[in-house]
Enquirer: 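Sharing a structure, written as structure tokens. Questions coming.
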Amino acid sequence: MRLTIRCSKGCVLVRSLKTYAVIGFGLAAIIAAAIAQPFPPRPKLVVLIAVDQFRYDYLTRFESEYKGGFRHLLDHGAVFANANLAHYPAVTAVGHAVMLTGASPALSGIVGNNWYDRKVGKNVSSVSDSAERQLDGNGAGASPRRLLVSTVGDELKLADPTSRVIGLSLKDRAAILPSGHMADAACWYDTRTGTFVSSTYYFKELPSWVKSFNDSRMVEKYAGAEWKFSGGSRRMPANSGPKLANEVDSSPFGNELLEALAERAIDSERLGRRSATDLLTVSFSSIDAVGHQTGPLSPEVHDLVVRLDGTLERLFLHLDQTVGLRNVLVVLTADHGAVDLPERMSSDRMPGGRILDSQLAATVQARLEQQYDAGAWVQSINDGAMFLNSGLIRARNLNEEAVQDDAAAALAAEPQVFRVYTRHQLRRGELPKDALSETLSASLNWARSADLQVILDPYWVRPATNISHDTPFAYDTHIPLIFMGPSIRPGLYFQNVKLNDLAPTLASLLSVQTPSGSTGRVLYEILPQPAAPAASHASQPVKAGTGR
């Protein structure tokens, strides 16, 4: 049987029904092959491991010494060698907010660890919340309410309310921000009591497993303990109390405490052993506490990193014994890197030095007094984020943009100031056409961001002692990013990726909605690639790099 089809221009097409049957069969085969490609199996548990102040080069510099957790991640994970932060400033709260939201500060609202709140007229922290109170200890109330977007954990619980989401850290912001608004628990370490605390935002009293952990007084086993590292040692205070609790935080013992609490959470909450997928975020902070004092090239940091390798091994062994590592998706990353002490850099004939925020404020104060008469012109400055006195500007009937421009001109004349961005300049997009300006633009939240963002020359730091890590330069922004677990193609990947890419990738693997403020992309290259139909001439997927 033949079929005649007349086209609109008068031509006649004659085809055999047998031909259409063959075409139809071929199309059906292609569709069937596509349908046969299953969604990746969802893990039973996702574990986000964040290491505060962990430069990417810690993975390479100390690789020969890894025998535990880092070794397992490097050998069996998808390792991105060129993952960077795409936001400013490179500080703890912003980095931890980006991890599971995929949102830069412009959308997340988390513009720093602390900032001046124009509405209430005072400095606030990223998680401070006067409507809540701290559970156990005497600290202030805290919550994720300043975070304006959803996290992967929020989307996971919206899709399945039976999922459990728990955030743990030695820092409040590092426990609260990655776990999100709907977390079942967020707990952090009180450096005065040596216990883990939480907030009435989550529950009326601490869960029994946190209480029992605190009652064990594990921190006291470190009383008098000696931390030995190459070329020196530190001894913990001999007696229990606030001094011991604080010193443990700035030692490898702090990371050990947190890992032990993570095990308790896994067991008590039966994470990964129920019908739903669960999420656990664990942020190790002791490297940051020590790194600020000694710098990233110190023997103390070296020893801390290698010891964390063993600590992660204990966590992985516990996960394997309870959930089975084959059922766990692990992600390792960091909130920022660090620059070395300028004094040591100078001894190596590298540039750098110190210029204090108070000096920058004095420069602006002098210029604005000269221009507009006496007054307290600088309201607040922190990590180079300067807020001018908007009330005074209005009272003098001055043009806000003109005052910002005058302040910026004074700062730009300082020899160690690399760039100054004003809030109005960023909003209008009147910027140099380069990646740095794009980063600053993506980090502007009009309601919360400072009037001036002051960026120093590379290797210059703001503290009078110790180091900082707020810059947009590679030593602060180049971080590790490793995925390991079911449906992940292990290997070494050299493409440029962003921390923002973590959240949408996880959301895709979990088959949940991408977080509301995400600006990242799905890292499809580490996911299973669908096989082309046999008759197709489609190109083969790019192979992953070899594991290490």
Side-chain angles (χ1 to χ4, degrees), residues 44-50 93 96-97 99-101 126-129 131-137 139-147 150-190 193-216 218 254-255 257-285 315 318-319 322-323 328 331 506 510 515:
K44 295 181 178 179
L45 175 62
V46 177
V47 179
L48 171 70
I49 298 172
H96 279 83
M99 287 174 192
L100 292 188
T101 68
S126 58
V127 294
S128 60
D129 190 340
E132 307 294 346
R133 62 180 178 83
Q134 182 173 293
L135 291 173
D136 209 355
S143 81
R145 287 193 175 104
R146 297 190 195 279
L147 181 65
S150 68
T151 65
V152 170
D154 294 333
E155 299 297 343
L156 184 65
K157 288 188 72 69
L158 286 168
D160 185 351
T162 65
S163 292
R164 301 290 286 172
V165 176
I166 294 176
L168 306 175
S169 181
L170 298 177
K171 294 181 179 179
D172 55 0
R173 54 191 179 271
I176 292 171
L177 295 173
S179 54
H181 302 272
M182 298 179 67
D184 297 283
C187 301
W188 55 94
Y189 183 69
D190 189 320
T193 64
T195 59
F196 284 89
V197 301
S198 189
S199 165
T200 50
Y201 175 87
Y202 301 99
F203 20 61
K204 293 181 179 179
E205 60 180 23
L206 289 175
S208 58
W209 56 271
V210 181
K211 287 183 177 179
S212 64
F213 186 87
N214 288 339
D215 290 343
S216 71
M218 181 177 171
N255 287 337
L257 269 179
L258 184 64
E259 190 279 330
L261 182 68
E263 288 191 20
R264 186 71 62 94
I266 292 164
D267 294 344
S268 301
E269 297 285 347
R270 294 189 57 77
L271 299 180
R273 285 171 286 172
R274 301 173 309 105
S275 58
T277 296
D278 299 320
L279 170 64
L280 174 66
T281 73
V282 188
S283 178
F284 294 93
S285 308
L315 178 60
H318 190 78
L319 286 167
T322 54
V323 185
V328 181
V331 182
L506 272 188
L510 297 176

Enquirer: Can you see which heavy atom on Ser126 is nearest to which on Arg173, and at what distance?
Expert: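 Of all heavy-atom pairs spanning Ser126 and Arg173, the closest is OG-CB, 3.7 Å.
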Enquirer: Nearest 0.5 Å, what's the CZ-CD distance between Arg145 and Glu132?
Expert: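 Going from CZ on Arg145 over to CD on Glu132, the span is 4.5 Å.
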Enquirer: In Å, rounded to the nearest 0.5 Å, how long is the span from OG of Ser128 to CG of Asp172?
Expert: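 It comes to 9.0 Å.
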Enquirer: Locate the shortest heavy-atom distance separating Gly167 from Thr281; write the atom from each residue and the value.
Expert: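 For Gly167 versus Thr281, the nearest heavy atoms are CA-OG1, 3.1 Å.
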Enquirer: Restricting to non-hydrogen atoms, name the atom on Arg133 and the atom on Lys204 that form the minimum distance, rounded to 0.1 Å.
Expert: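 Looks like NH2-O, 4.2 Å.
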Enquirer: Is Lys211 paired with Asp136 through a side-chain N to carboxylate O contact shorter than 4.0 Å?
Expert: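 No, no charged N to carboxylate O under 4.0 Å.
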Enquirer: Work out which heavy atom in Asp184 is nearest to a heavy atom in Ser163; give both atom names and the distance.
Expert: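 For Asp184 versus Ser163, the nearest heavy atoms are OD2-O, 3.6 Å.
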Enquirer: Is the closest side-chain heavy-atom distance between Trp209 and Leu261 below 4.5 Å?
Expert: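 Yes - at least one pair of side-chain heavy atoms lies under 4.5 Å apart.
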Enquirer: Quick one: are Arg164 and Leu271 in side-chain contact, heavy atoms under 4.5 Å?
Expert: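 Result yes, sub-4.5 Å side-chain heavy-atom pair found.
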Enquirer: Side-chain contact test, heavy atoms from C-beta onward, threshold under 4.5 Å: evaluate it for Leu258 versus Tyr189 and give yes or no.
Expert: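 No, too far: nothing below the 4.5 Å cut-off.
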Enquirer: Would you mind telling me which of Leu206, Leu135, Asp190 makes a side chain to side chain contact (heavy atoms under 4.5 Å, CB included) with Val197?
Expert: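 For Val197, the side chain to side chain contact (heavy atoms under 4.5 Å, CB included) test succeeds with only one of Leu206, Leu135, Asp190, which is Asp190.
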Enquirer: Taking the side chain as everything from C-beta on, heavy atoms only, tell me whether Leu100 gets closer than 4.5 Å to Leu506.
Expert: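 Answer yes - side chains close enough.
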Enquirer: Got Leu315 and Ile49 here, is their nearest side-chain heavy-atom distance under 4.5 Å?
Expert: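 Yes, side chains in contact.
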Enquirer: Examine distances only and state if a side-chain atom of Ser169 and a backbone atom of Trp188 form a donor-acceptor pair shorter than 3.5 Å.
Expert: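 Side chain of Ser169 to backbone of Trp188: no pair is present.
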Enquirer: Which pair of non-hydrogen atoms, one from Ala183 and one from Tyr202, has the smallest distance, and what is that distance?
Expert: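 Smallest heavy-atom distance, with atoms named: O-CD2, 3.6 Å.
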Enquirer: With no hydrogens and no angle check, do the side chains of Asp154 and Thr151 hold a donor and an acceptor under 3.5 Å apart?
Expert: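 Indeed, the side chains of Asp154 and Thr151 share at least one donor-acceptor pair under 3.5 Å.
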Enquirer: Rounded to the nearest 0.5 Å, how far does CD of Glu269 lie from CG of Leu280?
Expert: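 These two atoms lie 10.0 Å from each other.
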Enquirer: Roughly how far apart are Ser283 OG and Asn255 CG, rounded to 0.5 Å?
Expert: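 One finds 9.0 Å between OG of Ser283 and CG of Asn255.
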Enquirer: Out of curiosity, Ser179 OG to Met99 CE, how far, rounded to the nearest 0.5 Å?
Expert: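 Reported value, rounded in 0.5 Å steps: 12.0 Å.
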Enquirer: Just so I know, are the side chains of Asp129 and Ser199 near enough to count as touching, which here means a heavy-atom distance under 4.5 Å?
Expert: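 No. Closest side-chain heavy atoms not under 4.5 Å.
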Enquirer: What is the distance from atom CZ of Arg274 to atom CG of Leu45, rounded to the nearest 0.5 Å?
Expert: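 Going from the CZ atom of Arg274 to the CG atom of Leu45 covers 10.0 Å.
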Enquirer: Checking His181 side chain against Leu147 main chain: does a donor-acceptor pair fall under 3.5 Å?
Expert: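 A pair under 3.5 Å: yes.
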Enquirer: I want to check something: taking the side chain as every heavy atom from C-beta on, are Ile266 and Arg264 in contact at a cut-off of under 4.5 Å?
Expert: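 With C-beta onward as the side chain, the pair stays apart.
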Enquirer: Do the side chains of Pro144 and Tyr201 get nearer than 4.5 Å, heavy atoms only?
Expert: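 With C-beta onward as the side chain, the pair touches.
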